[in-house]
Amino acid sequence: MDYTIFSNMYKILFVDDEDHILSMLFEYFGEKYSVKTAGSAALALEIMREEEFDLVVSDISMPGMSGTKFLREIHKLYPKTKSALLTSLNIDAYITLARQNSISSIIPKTVPFNFKGLELILDGLLTGDVFGLTRYLIHGERVVLGWYDVKSSADLPEVRAKIVSELRVKFGDVGDIGLILDEIMTNAVYHACAKQESVEPQKGVRFPEVKLAPSEYVYVQVGYDDEKYGISVLDTQGKLTRDMVLGKMERHVTGEGFLDESGRGLHMSRLFADRMVINIERGKRTEVIVMNYYGAKYRGYKPIYINEI
C-alpha cells in the first residue's frame, strides 16, 4: 500500500515489506515531513524516477531486492539522497555491508518502537545538526550534570571518578559506564594530541602520559532526561572518518581485530552502552556520545549511528 502526504518540508521515502510498519512510520512522521512509502525496493525505485527525496529509509531484509542492494542503487543513481537502514535482525551481521556500501546508519526496530529516537537520527541526517549531548536528551526534563575539561591524560582518572560518582548518586547501579569512560576518553585524548605519533611507549604502560595544548583539550559533558542518561566526549581535531570507524568496528565484530588496540574503545563502548552516536566534522572535531536507558528499555541489537558532516 502507498501512503502519501504532501508538504513543503523535507521529503522522506520509507521502504518496508511490512505494511503495518509503513503505516506506523507514515502516521508518526507524516505531520513533520513530506512522506511517501513503498512496499518493495522495486516500487521505491519507480517512485524515485518520478520525484526526488532528501532521505530514503529502507528495511534490510525484503523479498526481491534487499535493502543494502537497494541503497547501493540509490547511491549510484541519486548520490545527493541520504539514506539509512532499518532492521529487526542482528546489526553486527551487516557491518561489512555497511562499510562496503558507505552506509553509516543502521537503526534497530525495537519493541517498543523508539519513534523519538528514530526522529532524532533522521533529523540529524537531514539537517546536519548532530553535535551536542543536549540534542539527544529529548524526553521530558533535560538536565546537565556537569562539564569537564581534560587537559592531559593525567586528568582522566579524576574525571572518570567524578562522573561515575555523580551517576551512581543519581541512578544507583550504572553498570559498565566506568569502563566505557576509560575507553572513549582515552581515545579522545590520544586522537587530540598533535604529537601523539612522537610519544614513545613506556614499558608495561598501555598509553604513555600526554599533555594537551589548549587547542587540543577534550571536553566531556554528562546529562540526563526522563528516559536515559548520556555522556558526550568531544575532541577538537576531527581525525576520524566514517570509513575508519566502520573498518575498526568490522575487525572487532568479525574477530579479526581481537588483538587490535585501534578501535578497541569504540567497539567496547558500543558493546556495553545501549546507544552510541559518533559525530565527525573532519579536521575540526569528533564527538562520541553514549547513552543508557533506564530499565533496559531499548536494549538488544546495537545500532550504528555515524554522522560525518
Side-chain angles (χ1 to χ4, degrees), residues 10-26 28-29 33 35-45 47-48 53-111 113-128 130 241-243 245-250 253-254 266 270 274-280 298 300-309:
Y10 287 110
K11 298 179 68 176
I12 302 179
L13 176 62
F14 290 106
V15 187
D16 200 299
D17 61 312
E18 296 184 75
D19 195 58
H20 72 281
I21 296 290
L22 293 180
S23 180
M24 288 193 304
L25 292 170
F26 177 82
Y28 185 87
F29 290 101
Y33 304 112
V35 173
K36 275 198 170 182
T37 67
S40 69
L43 177 57
L45 287 171
I47 294 172
M48 294 186 73
F53 290 87
D54 300 293
L55 173 65
V56 175
V57 182
S58 174
D59 184 30
I60 291 180
S61 181
M62 298 183 292
M65 185 185 295
S66 69
T68 50
K69 185 175 181 181
F70 168 55
L71 292 195
R72 189 159 58 240
E73 284 294 303
I74 290 175
H75 293 162
K76 181 172 63 176
L77 297 171
Y78 312 101
K80 293 183 179 180
T81 301
K82 298 177 181 179
S83 62
L85 286 171
L86 284 171
T87 186
S88 57
L89 304 175
N90 188 345
I91 289 172
D92 286 357
Y94 296 98
I95 285 184
T96 298
L97 284 171
R99 180 186 59 78
Q100 292 172 343
N101 294 283
S102 299
I103 297 166
S104 54
S105 295
I106 305 183
I107 303 161
K109 296 178 182 177
T110 57
V111 180
F113 201 96
N114 190 355
F115 285 104
K116 279 285 188 181
L118 177 58
E119 180 180 2
L120 190 65
I121 295 302
L122 299 190
D123 184 75
L125 287 170
L126 289 165
T127 66
V130 295
T241 67
R242 176 190 60 194
D243 290 342
V245 172
L246 286 172
K248 294 173 189 296
M249 286 184 178
E250 179 186 11
V253 166
T254 61
L266 291 176
R270 178 172 174 266
D274 291 341
R275 294 291 180 269
M276 180 173 74
V277 179
I278 300 174
N279 298 321
I280 301 166
Y298 294 117
Y301 295 140
K302 305 296 182 175
I304 296 175
Y305 299 140
I306 305 170
N307 300 301
E308 187 173 30
I309 63 173

Q: Do Asn307 and Ile278 come close enough that some side-chain heavy atom pair is under 4.5 Å?
A: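 Not in contact.
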Q: Between Ala38 and Ile47, what is the shortest heavy-atom contact and its length?
A: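 The pair with the smallest heavy-atom distance is CB-CD1, 3.9 Å.
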Q: What distance do Ile60 atom CD1 and Leu97 atom CG have between them, rounded to the nearest 0.5 Å?
A: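 With rounding to 0.5 Å, CD1 (Ile60) is 8.0 Å from CG (Leu97).
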Q: Taking Asp16 for the side chain and Glu18 for the main chain, is one N or O donor matched with an acceptor at less than 3.5 Å?
A: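 Yes; judged by distance alone, with no hydrogens or angles, the pair exists.
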Q: Using modelled atom types and a 3.5 Å cut-off, is there a donor and acceptor pairing between side-chain atoms of Thr127 and backbone atoms of Asp123?
A: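 Yes, Thr127 side chain to Asp123 backbone: donor-acceptor pair under 3.5 Å.
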Q: Considering only heavy atoms from C-beta outward, does the side chain of Leu71 approach that of Leu85 to under 4.5 Å?
A: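 Yes, close enough: below the 4.5 Å cut-off.
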Q: Would the number of heavy atoms belonging to other residues, nucleotides or ligands and lying under 6.0 Å from NZ of Lys69 be above 12?
A: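 Incorrect, the count does not exceed 12.
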Q: Should Thr87 and Lys109 count as side-chain neighbours, where that means a heavy-atom distance under 4.5 Å?
A: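 They are not in side-chain contact.
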Q: Got a second to check how far Ile304's CD1 is from Arg242's CZ, nearest 0.5 Å?
A: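 Going from the CD1 atom of Ile304 to the CZ atom of Arg242 covers 11.5 Å.
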Q: Minimum heavy-atom separation for Met48 to Leu13, with atom names?
A: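 Here Met48 and Leu13 meet closest at CG-CD2, 3.7 Å.
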Q: Restricting to ring pair (Phe, Tyr, Trp, His ring centres under 6.0 Å), what partner residues turn up for Phe113, sequence neighbours left out?
A: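 Phe113: ring pair (Phe, Tyr, Trp, His ring centres under 6.0 Å) contacts with Phe115.
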Q: Check step by step if ring-ring contact (aromatic ring centres under 6.0 Å, His included) holds for Phe14 and Phe29.
A: CA-CA 10 Å; Phe14 290 106; Phe29 290 101; 5.5 Å; yes
Q: Once you round to the nearest 0.5 Å, how far does NZ of Lys302 lie from CG of Asp92?
A: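 Here the rounded value is 9.5 Å.
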Q: What distance separates Asp59 CG from Ser88 OG, expressed to the nearest 0.5 Å?
A: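 Answer rounded to 0.5 Å: 6.5 Å.
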Q: Quick one: does Ile107's side chain get under 4.5 Å of Tyr305's, heavy atoms only?
A: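 Yes - at least one pair of side-chain heavy atoms lies under 4.5 Å apart.
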Q: On a heavy-atom basis, which atom in Leu125 and which in Ser105 lie closest, and how many Å separate them?
A: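 For Leu125 and Ser105, the tightest heavy-atom pair comes out as CD2-OG, 3.9 Å.
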Q: Considering all heavy atoms of both residues, which atom of Glu119 and which atom of Tyr33 are nearest to each other, and what is their separation?
A: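 Here Glu119 and Tyr33 meet closest at O-OH, 4.3 Å.
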Q: Under a 4.5 Å cut-off applied to non-hydrogen side-chain atoms, are Leu89 and Tyr94 in contact?
A: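 Leu89 vs Tyr94: side chains touch.
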Q: Go through the steps for Ile306 and Ile280 under the test side chain to side chain contact (heavy atoms under 4.5 Å, CB included), then give the verdict.
A: CA-CA 8 Å; Ile306 305 170; Ile280 301 166; 4.2 Å; yes
Q: I'd like to know if the side chain of Ser66 reaches the main chain of Ser61, judged simply by a donor and an acceptor atom lying under 3.5 Å from each other, with no hydrogens or angles considered.
A: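 Absent.
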Q: Could you go through the side chain to side chain contact (heavy atoms under 4.5 Å, CB included) check for Lys82 and Asp54 one step at a time?
A: CA-CA 6 Å; Lys82 298 177 181 179; Asp54 300 293; over 6 Å; no
Q: Quick one: closest heavy-atom pair of Pro303 and Arg270, and the distance?
A: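 Heavy atoms only, the tightest pair is O-NE, 3.2 Å.
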Q: May I have the step-by-step check of side chain to side chain contact (heavy atoms under 4.5 Å, CB included) for Leu126 and Ile12, ending in yes or no?
A: CA-CA 9 Å; Leu126 289 165; Ile12 302 179; 4.0 Å; yes
Q: Which heavy atom of Val15 sits nearest a heavy atom of Val56, and at what distance?
A: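 Result for this residue pair: CG2-CG1, 4.3 Å.
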Q: Leu55 and Leu122: side chain to side chain contact (heavy atoms under 4.5 Å, CB included), yes or no, with the steps?
A: CA-CA 8 Å; Leu55 173 65; Leu122 299 190; 3.8 Å; yes
Q: Is a donor from one side chain sitting under 3.5 angstrom from an acceptor on the other, for Ser83 and His75?
A: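 The answer is yes; a qualifying pair exists.
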Q: Apply side chain to side chain donor-acceptor pair (under 3.5 Å) to Glu73 and list each qualifying residue two or more places apart in sequence or on a separate chain.
A: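 Listed in chain order: Lys76.
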